[in-house]
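Step one of this worksheet: look at the structure below.
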Amino acid sequence: MTEAFWTRFRDGRGVWPAVPAFVFLAIFFIAPMGVLFSFGFTEIERGQVQENGFTLRYLTDTLSDDLFWWVWWKSFYIGTLSTLLCFLLAYPLAYLYSESGRRMRLLILVLTISPLLTSAIVRTYAWLVILGGRRGVINSTLIELGLIERPFRMLNTDFAVIIGMTQVHLPFMVLPLITVLAARDRNMEAASLGMGASRLSTFFRIVVPLSMPGIVAGLTIVFALSYTNFIIPQLLGGGGFTTLAVQVYEQIVVILDWSKGAMLALLLLGSCFVFILMIGLAGNRVMRWSVKETVE
Amino acid sequence: MIDAQGINKFFGANHVLRDCDLTVEGGEVVTLLGASGCGKTTLLRCIAGFETPDAGTLTLAGQDVTRLPPNQRDVGFVFQNYALFPHMSVEENVAYGLKARKAPADQIKREVADALDLVSLTDFARRFPNSLSGGQQQRVALARSLILQPKVLLMDEAFNALDAKLRGAMQVELRKIVKRVGITAVCVTHDQSEALTISDRIAVMAEGRIEQFAAPAQIYDNPTSAFVADFIGAANILTRDAAARFSHAAKTLNGNAALVIRPENVMLGGTPDDGVAGKVVFARLTGPAMEYEVALADGTVLRALVDRDGHVPLAVGADTQVAIRNPDACVALPGAA
Ligand SMILES: Nc1ncnc2c1ncn2[C@@H]1O[C@H](COP(=O)(O)OP(=O)(O)OP(=O)(O)O)[C@@H](O)[C@H]1O
Ligand SMILES: [Mg+2]
């Protein structure tokens with residue numbers, strides 16, 4: 001340990017500024033995750049790690065289990081659909097924000113953020129009240145109006161889970177989109193209109209491609225949240241409903257099969273990373289594609 | 001070609017354009033010249049349709065376009081910062097307008113090649129705007145507008161980002177291109193030498209008004225207001241009392257309130273009886289000429305540009321005689337200086 005070392009330390013140069021956060025994450029995130037994932041490769045009986053307990057059994061068993069793939073597909077399609085729904089709802093809202101005056105902007109921002117101030121569980125219970133059986137808000141209204149005779153089954157369906165997730169995660173899509181759209185260079189659109197393009201084609205050929213960084217950020221965050229959420233599927237999907245995240249919860253907390261649960265958690269997290277990477281790469285590709293289009 | 005009458009524009013309570021009248025003939029190059037913030041960009045954006053005037057009418061080629069959106073006016077616009085599309089190559093930027101007009105692919109290909117050739121950017125066709133120099137970007141912006149053969153080309157300080165040498169070359173180049181293609185152009189600048197180089201006529205603006213609209217020589221030789229005289233060529237503007245000390249000038253002054261004397265019309269040295277005594281307070285070499293500031297006895301400071309040919313430079317603090325070379329070239333103004 002030389003003088004130069006202490007100089008760098010004192011001046012906060014090199015990697016030192018990252019050390020506190022790294023130490024924190026190492027103790028409270030990386031280490032526990034490592035321990036958890038290692039359970040996926042270990043035989044455990046009655047809470048005791050067995051000697052010479054290393055095994056690939058849980059990995060091979062899980063991957064060859066049809067039920068696993070079925071559950072994975074459910075997670076994937078629920079996550080993807082609610083992410084796309086979020087995007088389709090958020091983009092027009094963020095665009096409206098960017099085109100509005102100060103008051104309207106404030107209103108949109110407050111309405112967007114305020115759901116974050118209540119817990120996701122409370123909001124999910126609110127959906128129970130709205131979607132619930134005969135006495136749920138929607139069904140009872142429709143029956144009162146005489147539009148239907150018997151209540152729709154809305155709760156305990158994929159539909160309920162997707163709606164719930166979309167609502168809970170909407171702010172995370174709106175905020176990055178607002179950031180890029182509000183900061184965009186308006187002269188780009190003026191230039192497009194000035195060259196005779198219509199408003200619609202200006203929107204799709206100029207505004208949307210230039211907001212790509214915000215789109216990628218929003219899709220990434222919301223997909224990661226939706227794909228791994230287990231509270232909403234449990235509450236709005238009902239007893240028989242299951243996703244990968246729900247399975248992890250059940251294996252570890254209910255069935256107490258830690259090894260199986262750890263393996264599922266590892267696969268959930270790993271696949272989530274892969275999908276996020278794919279969104280990022282696809283985003284880059286879309287930019288490149290729109291760029292190369294007429295080069296021919 | 002362009003006929004703007006009584007254009008007024010407010011941004012909130014800010015009265016940015018005040019009764020602007022601007023008539024531009026077909027094929028003419030007109031420059032809007034004025035200090036920063038005087039409303040040049042706003043007037044240009046009104047002509048393009050990016051802003052709607054709060055009062056006044058705008059006619060392009062005989063058609064009233066006051067309320068027409070920009071994509072229905074036949075106008076090309078080169079932005080102050082070019083506004084090239086960063087996600088499109090040079091080629092795509094130039095092709096954009098033709099594509100919007102749904103031109104056939106082979107026509108687009110041909111015309112894009114021609115347009116890039118016109119601005120000598122053929123080798124840069126596949127590059128992206130952020131990998132181009134300021135001058136190259138400026139030419140892309142120009143090609144992108146010219147390819148649509150607009151009736152009117154509007155350019156907002158298109159040469160700002162260029163170094164002095166390239167700027168001069170591009171100004172000459174632009175004038176050639178515009179004259180060759182034969183379009184009508186309105187340019188904005190706050191650089192008077194640029195205005196003198198490229199324009200058939202110059203509109204000098206101040207605080208949202210058009211102060212004077214005339215040919216460059218006319219603006220330079222016969223400014224109609226102190227502002228114009230000062231803005232173009234930084235003329236000396238003497239009050240009636242100060243001007244009266246110069247015996248020759250009294251005739252030109254003829255009872256008016258102020259007298260405009262160009263710095264190159266001020267003569268230093270000479271004999272006491274045809275001038276006024278003064279003291280050099282500042283001296284500077286400007287290349288072919290020496291520039292002096294000379295204080296007269298009453299405190300009035302005159303700027304003088306003296307040809308260096310056969311001139312013995314004066315030092316700061318030296319006493320000298322100030323005279324007017326050609327009294328007829330002075331301009332009398334009725335308003336106060
Ligand atoms: N969108 C706007 N909203 C409010 N005020 C504006 C807007 N655009 C311009 N202004 C104001 O209008 C006045 C004229 O602006 P303009 O851009 O026309 O000036 P300019 O002559 O082009 O100046 P410069 O030479 O600096 O480009 C300025 O006082 C400016 O602050
Ligand atoms: Mg401007």
Side-chain angles (χ1 to χ4, degrees), chain A residues 91 95 98-105 176-177 179-219 280-296, chain B residues 12 41 44-45 47-51 68-103 105-106 108-109 112 125-130 140-141 143-150 152-154 156:
Chain A
Y91 205 94
Y95 185 75
S98 72
E99 295 294 288
S100 304
R102 290 228 306 276
R103 280 155 191 249
M104 188 65 178
R105 282 185 172 205
L177 289 177
T179 312
V180 285
L181 285 174
R184 73 185 197 270
D185 180 357
R186 308 297 163 128
N187 278 344
M188 294 294 155
E189 286 138 87
S192 170
L193 292 175
M195 286 188 277
S198 67
R199 290 209 165 268
L200 199 67
S201 98
T202 298
F203 180 78
F204 284 111
R205 299 199 50 195
I206 306 297
V207 179
V208 174
L210 290 181
S211 66
M212 211 48 170
I215 296 178
V216 170
L219 291 179
L281 291 177
N284 287 349
R285 215 184 142 80
V286 167
M287 294 289 263
R288 208 163 25 198
W289 170 81
S290 79
V291 149
K292 276 190 173 164
E293 192 197 12
T294 53
V295 172
E296 261 136 46
Chain B
T41 297
L44 208 64
R45 290 175 70 93
I47 299 175
F50 301 140
E51 307 286 354
L68 218 57
N71 51 8
Q72 290 170 34
R73 301 184 186 191
D74 194 5
V75 167
F77 199 99
V78 179
F79 287 80
Q80 200 159 352
N81 57 1
Y82 313 138
L84 299 178
F85 303 134
H87 60 302
M88 297 185 189
S89 66
V90 167
E91 205 167 33
E92 282 183 292
N93 266 281
V94 176
Y96 190 87
L98 289 177
K99 279 191 162 180
R101 272 149 225 231
K102 310 245 176 340
D106 56 334
I108 293 180
K109 205 163 179 174
V112 168
R126 313 231 162 148
R127 292 254 217 119
F128 291 95
N130 56 14
V140 177
R144 189 171 79 165
S145 298
L146 286 175
I147 196 170
L148 300 173
Q149 303 182 338
V152 172
L153 180 65
L154 306 174
D156 194 357

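In this text the structure is predicted, and so the values were computed from the model without any measurement. Proteins get letters first, then strands, A, B, ... in listed order; numbering begins at 1 in each.
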Using a 4.5 Å cut-off on heavy atoms from C-beta on, say whether the side chain of B/Pro86 contacts that of A/Met188. yes

Are the side chains of B/Phe85 and A/Arg205 in touch, meaning some heavy atoms are under 4.5 Å apart? no

Okay, A/Asp185 and chain B: the region with an atom under 4.5 Å from a heavy atom over there is side chain

For A/Ile206, is it the side chain, the backbone, both or neither that has a heavy atom under 4.5 Å from a heavy atom of chain B? both

For [X] versus [Y], what's the shortest heavy-atom pair and its separation?
X	Y	answer
B/Ala83	A/Ala191	O-CB, 4.1 Å
B/Phe79	A/Ala190	CZ-CB, 3.7 Å
A/Leu210	B/His87	CD2-ND1, 3.3 Å

Are more than 12 heavy atoms from other residues, nucleotides or ligands located less than 6.0 Å from atom CD of B/Gln149? no

Which portion of [X] sits near chain A, non-hydrogen atoms under 4.5 angstrom:
X	result
B/Arg144	both
B/Leu84	backbone
B/Asp74	neither

Look only at the side chain of B/Arg101 and the backbone of A/Met195, and say whether a donor-acceptor pair between them is shorter than 3.5 Å. yes

Taking atom CG of A/Asn187 and atom CZ of B/Phe77, what is their separation to the nearest 0.5 Å? 7.5 Å

